[in-house]
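Order of the sequence lines fixes the chain letters, A, B, ..., with proteins taken first and strands second; residue numbering starts at 1 for each chain.
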Amino acid sequence: MSAGVLEVRDVQKTFGAVTAAKDISVSVPKGAIYSLIGSNGAGKTTFVNMVTGYIKPDSGEINFGSRNIAGLAPRLITRLGIHRSFQIAQLCNELTVEENMLLAGAIHHDERPSFFRHAHSAAARERAMATLERFHIAEHRNRLIPELSGGVKKLLDIAMAMAGETQVMLLDEPTSGVAADEKFPIMDLVIEALRAEGVTVIFVEHDMDIVTRYSERVLAFYDGQIIADDTPDEVLLDEKVQRYVTGGPA
Amino acid sequence: MRYVLFLYAAIAFVVLAAGSIILPDWAMFLFAMALAKGLVCLGIVAMMRGGVVSFGQGLYYCIGAYTATLAANMWGLSDIFLLTLLSSAVCLIVGVIFGPMLATYRGIFFAMLTLALSMVLYGTLSKMSVLGGSDGLNIAPPTFLGWAPEGRDLQTALYIYVVAIVVIAGTLMRIYFDSEQGLITLATRDNELRVEYLGASVRKVMAYNYIFAAVLGGLGGTIAVLALGHVDPEFAFWTTSGEFVFVAILAGYMSVPAVFVAAIILEVVRSFSNLYFPNTWQLSLGIFLLIVIVTLPNGLGSLLSRRKGGKT
């Protein structure tokens with residue numbers, strides 16, 4: 001693997017008396033698949049939110065390539081190639097599945113979104129359908145979001161995030177709210193699609209089976225700090241991780 | 001798909017313009033005023049698509065009307081095309097100044113700030129005797145590229161001009177609503193977080209809609225003052241803005257023709273209610289709006305829209 005595409009250095013974040021991130025330093029190599037584990041409130045989502053611009057760190061650097069992106073607006077970070085999905089899928093409920101995908105395509109189009117180019121043009125619909133088919137959700141294209149299952153919503157959320165030139169993808173609990181029998185098929189689909197494009201992946205996950213099966217490296221969070229940073233097997237055998245995260249041997 | 005839109009636009013122009021042959025003067029005036037106000041309401045609808053409603057669109061209606069009147073009275077400009085261009089340009093500039101500032105506000109804050117701006121203008125104009133104070137100003141009938149019609153000819157020319165402006169503006173707004181930016185506007189109404197995380201600026205979307213609405217407001221005000229021959233600060237008063245919101249709600253945000261249909265319905269209901277129940281005509285308008293809200297919560301436009309369940 002090459003040098004780190006995402007370098008986080010000494011990042012801190014407090015909310016009043018609560019320290020959500022304490023001297024977080026991570027180097028994520030290009031094309032790697034990292035998972036973030038930890039109990040609720042450990043700092044995983046804060047980490048994702050800081051990298052994607054939702055929260056501005058109090059101090060520290062988040063370097064993407066040669067640029068410090070700490071504190072940049074989410075849309076600017078997205079434009080640089082760092083995309084994300086959400087724990088609760090963020091979709092436009094009043095639009096159909098296809099329109100959600102058209103929206104992502106319109107924003108990530110080679111040219112700026114146009115005031116004249118039809119959003120439902122044949123070319124745009126073709127691109128949207130290709131992505132929906134790749135994620136096996138094309139059959140739902142004419143349905144509104146509230147009519148969809150949790151799994152389809154998650155897939156659409158990730159498919160929309162991937163519409164642009166993605167270099168780093170952060171997935172916040174990609175299998176939460178998904179039926180047990182859908183979890184592995186969904187992760188298979190997503191990871192395969194991301195790997196095919198050489199995208200660096202960082203995903204937050206509570207299910208250790210998913211962590212061990214899909215990630216190359218695991219960052220274990222506790223109380224706003226990274227308490228372990230290693231391969232899945234090593235991290236899950238770590239004494240601190242067993243005590244504070246998994247609650248016992250995996 | 002575009003040629004179908006242009007075909008509809010051409011048919012709409014011919015049908016509406018044909019009204020000038022059969023309509024009596026009073027009806028032509030009523031339609032011209034309704035269509036002029038419909039332009040202002042179309043601007044509100046553009047903002048509604050992004051999830052905000054302006055309660056102060058009288059600001060641009062008034063600025064457009066005063067700009068045309070002052071240009072006519074001070075510089076002797078009488079050409080309707082020049083007056084329209086000038087008023088639209090002034091409203092564009094004012095919209096560009098206020099748009100980015102207001103684009104960060106939502107809901108009641110946006111509504112109240114827009115209302116406040118229009119009331120500041122109302123208060124200022126009412127106290128400025130140089131601009132006619134609360135009595136306002138008169139404007140001479142316009143000319144059309146050097147042609148100075150009178151009587152029925154003037155009424156007809158003005159009506160056809162309004163129809164042309166409405167058809168052009170309506171077509172352009174339909175193209176915008178159907179465009180990529182139009183889809184981003186609809187998505188913004190629904191989920192701003194998603195739009196920002198896809199890489200688009202929600203603030204810019206809001207500012208664009210506000211600026212378009214400002215220009216449309218100016219167009220409406222210019223046409224109204226030319227039809228009426230008089231402008232006063234009431235153009236910026238909150239009841240005038242409320243009337244525009246009334247039409248926008250009646251129309252819904254899905255269909256462009258519905259906005260002008262709603263504007264015509266309001267003018268017709270008001271005119272006849274005023275004639276037959278002079279003391280209670282507002283009551284009949286209120287009942288009419290209630291019926292529309294209960295039976296068509298997404299407005300008259302939901303009858304014409306192809307969108308699912310009339311929800312979007």
Item to complete: Could you please state which residues from residues 60-81 of chain A sit under 4.5 angstrom from chain B, measuring non-hydrogen atom to non-hydrogen atom, sorted by number, or 'none'?
Response: Pro74(A), Arg75(A), Thr78(A), Arg79(A)
Worksheet entry | For chain B, the option from Cys92(A), Ala104(A), Ala106(A) that forms the most heavy-atom pairs under 4.5 Å | Cys92(A)
Worksheet item: Sequence neighbours excluded, which residues qualify as salt bridge (Lys or Arg N to Asp or Glu O under 4.0 Å) partners of Glu180(B)?
Response: Arg117(A)
Worksheet item: If you count heavy-atom pairs under 4.5 Å with chain A, which of Val195(B), Ile184(B), Leu172(B) comes out on top?
Response: Ile184(B)
Worksheet entry | More than 12 heavy atoms of other groups within 6.0 Å of Phe109(B) CZ | no
Practice prompt. Decide yes or no on side-chain contact (heavy atoms from CB on, under 4.5 Å) for Asp157(A) and Arg194(B), but give the supporting numbers first.
Written response: CA-CA 9 Å; Asp157(A) 192 33; Arg194(B) 176 78 268 178; 2.4 Å; yes
Discussion item. Go through it in stages, so that I can follow the logic: the residues are Leu183(B) and Leu95(A), the test is side-chain contact (heavy atoms from CB on, under 4.5 Å), and I'd like the CA-CA distance, side-chain angles, deciding distance and then a yes or no.
Written reply: CA-CA 9 Å; Leu183(B) 183 61; Leu95(A) 303 181; 4.1 Å; yes
Practice prompt. Counting only heavy atoms closer than 4.5 Å, note whether Tyr54(A) contacts chain B via side chain, backbone, both or neither.
Written response: both
Item to complete: Measure distances from Phe177(B) to the heavy atoms of chain A and classify the residue's part below 4.5 Å as side chain, backbone, both or neither.
Response: neither
Worksheet entry | Side-chain donor or acceptor of His120(A) paired with backbone N/O of Asp178(B) under 3.5 Å | no
Worksheet item: When the aromatic ring centroids of Tyr176(B) and Phe116(A) are compared, is their separation below 6.0 Å?
Response: no
Item to complete: For the residue pair Leu198(B) and Met160(A), establish whether any side-chain heavy-atom pair is separated by less than 4.5 Å.
Response: yes
